Amino acid sequence: MQNSEIIGILGAIPQEVNGIINLLKGTIEKKIGNRTYYEGYLGNQKVVVVYSRIGKVAAAVTVSTLLLEYKVSKIIFIGVAGGIHSDIKIGDVVVASNLVQYDMDASPLRPKYEIPLLGKTYFNTDQDWSHEIVSKINSLLQPETLSQHISKDELSKFEITAPKVHFGTIASGDQFFSTQNQKDTLHNSLPEVLCVEMEGAAIAQVCYEFNTPFIVIRTISDNANQEASFSFQSFVEEISLTYGKEIIKMIIE
C-alpha cells in the first residue's frame, strides 16, 4: 500500500542527489524556477527529489517550492560539509540537532546570529526522527556494512577507517571554508558547531515558518581548511553519492 504523505529530498549539487534520483520509480520531471524536480516513488513512499543549487537563498527558494507546489509533509536535506570540531573526521556523518546561520548579524539592533522578527538563533530539527536516523546511519557506517557499498581502496584514499555518526549543531553561511583562519574564527565564536555548510540553516528557517518536520544530514568531505577544495571535489565524486543513496534508502525503509 502506498504512503499518502510526500517527502521532499534535497541536496545542493547533483552529486548529492543523483544516486537517489536513479532509484526512483515512475519518475515525473518538472522544471520550476530553473530547477528540475523529480517526483516518483522509493518503494511505497512518494518523494520529490531536487538539487537546490548552492547557498542559502537557493536552498530557501527550493524548499519553499517543495512546500507550496508539491505539498510535501517532511523535508530531508542531505549532502556534504566541512568539519569544524576536532572530533569530526572525513567520512563521518553529522545529523543536525539544530542549525544556526553564522553569517547573520543584525547587531546592535538584535543579538548576533539571531534572525530578526523571529527572535530565534537556533532552529531545531525533528528530534525523534533525527535520533532514529542516527541509529540507522550508525549501522551503515560499520566497516563490514560500509565496505559492501564502497571499496576499501576508495575509503583508504580519504583515510576513512572507522567513520562515526554525530548528533549536534550545524552552521550555515554563504562562504566556502578554505582557510584555517575561517575555521578557527567560527569555532571560537560558536564552539558547539560540529560542521559548516551553505544551505541547511536556511532550509531550517523555512521549515520552522511553515511548521514542517525536517532533518539535515551531512557527510564530512573535508576539514574546512586550505585542503578543502581538493578534498571536496574528490569526495563528492567518489564517496558522497554512495553515502547519500544508502542513507536515503535506510530512511525510507
Side-chain angles (χ1 to χ4, degrees), residues 3-21 24 27-40 42 45-81 94-104 113 115-118 120-130 133 169-176 195-219 240 244-245 247-248 251-252:
N3 193 333
S4 59
E5 74 174 7
I6 306 173
I7 298 178
I9 303 173
L10 305 89
I13 57 177
Q15 294 93 328
E16 294 172 337
V17 295
N18 280 347
I20 303 164
I21 292 169
L24 296 180
T27 307
I28 300 172
E29 298 181 23
K30 185 176 182 179
K31 288 187 179 293
I32 305 173
N34 207 29
R35 289 158 179 75
T36 301
Y37 294 78
Y38 299 85
E39 183 179 4
L42 290 174
Q45 177 63 61
K46 188 172 184 179
V47 300
V48 183
V49 186
V50 58
Y51 77 89
S52 65
R53 301 176 182 268
I54 296 170
K56 292 192 300 177
V57 172
V61 167
T62 310
V63 75
S64 296
T65 302
L66 285 172
L67 294 168
L68 297 172
E69 180 75 19
Y70 288 95
K71 312 299 182 186
V72 302
S73 52
K74 293 180 178 179
I75 292 289
I76 301 171
F77 194 94
I78 193 162
V80 295
V94 177
V95 177
S97 59
N98 54 47
L99 298 101
V100 58
Q101 296 180 37
Y102 69 79
D103 57 354
M104 173 58 69
Y113 311 123
I115 306 301
L117 303 182
L118 290 183
K120 287 185 66 65
T121 299
Y122 295 90
F123 293 89
N124 292 332
T125 59
D126 185 296
Q127 299 296 287
D128 290 341
W129 194 16
S130 294
I133 298 314
T169 301
I170 294 178
S172 307
D174 287 319
Q175 296 181 47
F176 181 82
C195 64
V196 63
E197 38 90 304
M198 300 177 68
E199 297 84 22
I203 286 174
Q205 180 179 336
V206 174
C207 287
Y208 170 81
E209 296 198 41
F210 280 86
N211 195 31
T212 301
F214 73 97
I215 54 175
V216 176
I217 305 162
R218 291 293 194 172
T219 300
S240 67
K245 179 178 68 175
I247 288 171
I248 290 297
I251 292 173
I252 299 303

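In what follows, every heavy atom counts, from backbone to side chain, and hydrogens, waters and symmetry copies are set aside. All values reported here derive from a predicted model rather than from experimental measurement.
Residue Ile78 holds its CD1 atom at 9.5 Å from OG of Ser240, rounded to the nearest 0.5 Å. To the nearest 0.5 Å, atoms CD1 (Ile203) and CD1 (Ile76) are separated by 11.5 Å. Taken from CG in Asp128 to CD1 in Ile215, the straight-line distance is 12.0 Å, to the nearest 0.5 Å. Here the straight-line distance linking atom CD1 of Ile9 with atom CD1 of Ile251 works out to 7.5 Å at 0.5 Å rounding. To the nearest 0.5 angstrom, Ile247 atom CD1 is 6.0 Å from Ile217 atom CD1. Going from atom CD1 of Ile248 over to atom CD1 of Ile21 covers 11.5 Å, rounded to the nearest 0.5 Å.
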Pair Leu10, Ile75 - check side-chain contact (heavy atoms from CB on, under 4.5 Å), show working. CA-CA 8 Å; Leu10 305 89; Ile75 292 289; 3.7 Å; yes

CA sep, side-chain torsions, deciding dist, call: Ile252, Ile7, side-chain contact (heavy atoms from CB on, under 4.5 Å): CA-CA 9 Å; Ile252 299 303; Ile7 298 178; 4.1 Å; yes

Thr125 vs Leu99, test: side-chain contact (heavy atoms from CB on, under 4.5 Å). Steps then yes/no. CA-CA 8 Å; Thr125 59; Leu99 298 101; 3.8 Å; yes

Could you go through the side-chain contact (heavy atoms from CB on, under 4.5 Å) check for Ile115 and Phe123 one step at a time? CA-CA 10 Å; Ile115 306 301; Phe123 293 89; 3.7 Å; yes

Between Glu197 and Ser172, does a side chain to side chain donor-acceptor pair (under 3.5 Å) hold up when you go through it step by step? CA-CA 5 Å; Glu197 38 90 304; Ser172 307; 2.5 Å; yes

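Between Ala171 and Tyr102 the shortest heavy-atom distance is CB-CD2, 3.9 Å. Of all non-hydrogen atoms in Asn34 and Arg53, the two that sit nearest each other are O-NH2, 2.9 Å. Phe214 and Ala204 get closest at one heavy-atom pair: CZ-CB, 3.4 Å. The two residues Ser52 and Ala12 have their closest heavy-atom pair at OG-CA, 3.5 Å. Across Met104 and Pro116, no two heavy atoms sit closer than the pair SD-CD, 3.9 Å. Of all heavy-atom pairs spanning Tyr113 and Gln101, the tightest one is CD2-O, 3.8 Å.
Other residues, nucleotides and ligands contribute at most 12 non-hydrogen atoms within 6.0 Å of the CG atom of Leu117.
Under 4.0 Å is where a charged nitrogen must lie from a carboxylate oxygen, and between Lys56 and Asp103 at least one such pair does. A salt bridge links Arg218 with Glu199: the distance from a Lys NZ or Arg NE/NH1/NH2 to an Asp or Glu carboxylate oxygen falls below 4.0 Å.
Counting heavy atoms from C-beta outward, Tyr122 and Lys120 have side chains that stay 4.5 Å or more apart. Side-chain contact check for Phe210 versus Val63: every heavy-atom pair is 4.5 Å or farther apart. Within the 4.5 Å cutoff, the side chain of Tyr70 has heavy atoms near those of the Ile32 side chain. Using a 4.5 Å heavy-atom cutoff, the side chains of Leu66 and Tyr37 are in contact. Under the 4.5 Å side-chain criterion, counting only non-hydrogen atoms from C-beta, Ile170 is not in contact with Val196.
Side-chain atoms of Glu209 do not come within 3.5 Å of backbone N or O of Val206 as any donor-acceptor pair. Judged purely by atom type and a 3.5 angstrom limit, Arg35 has no side-chain atom pairing as donor or acceptor with the backbone of Val61. Judged by distance alone, the side chain of Glu69 and the main-chain N or O of Ser64 form no donor-acceptor pair under 3.5 Å. Within the 3.5 Å criterion, the main-chain N or O of Val80 finds no donor-acceptor partner in the side chain of Thr219.
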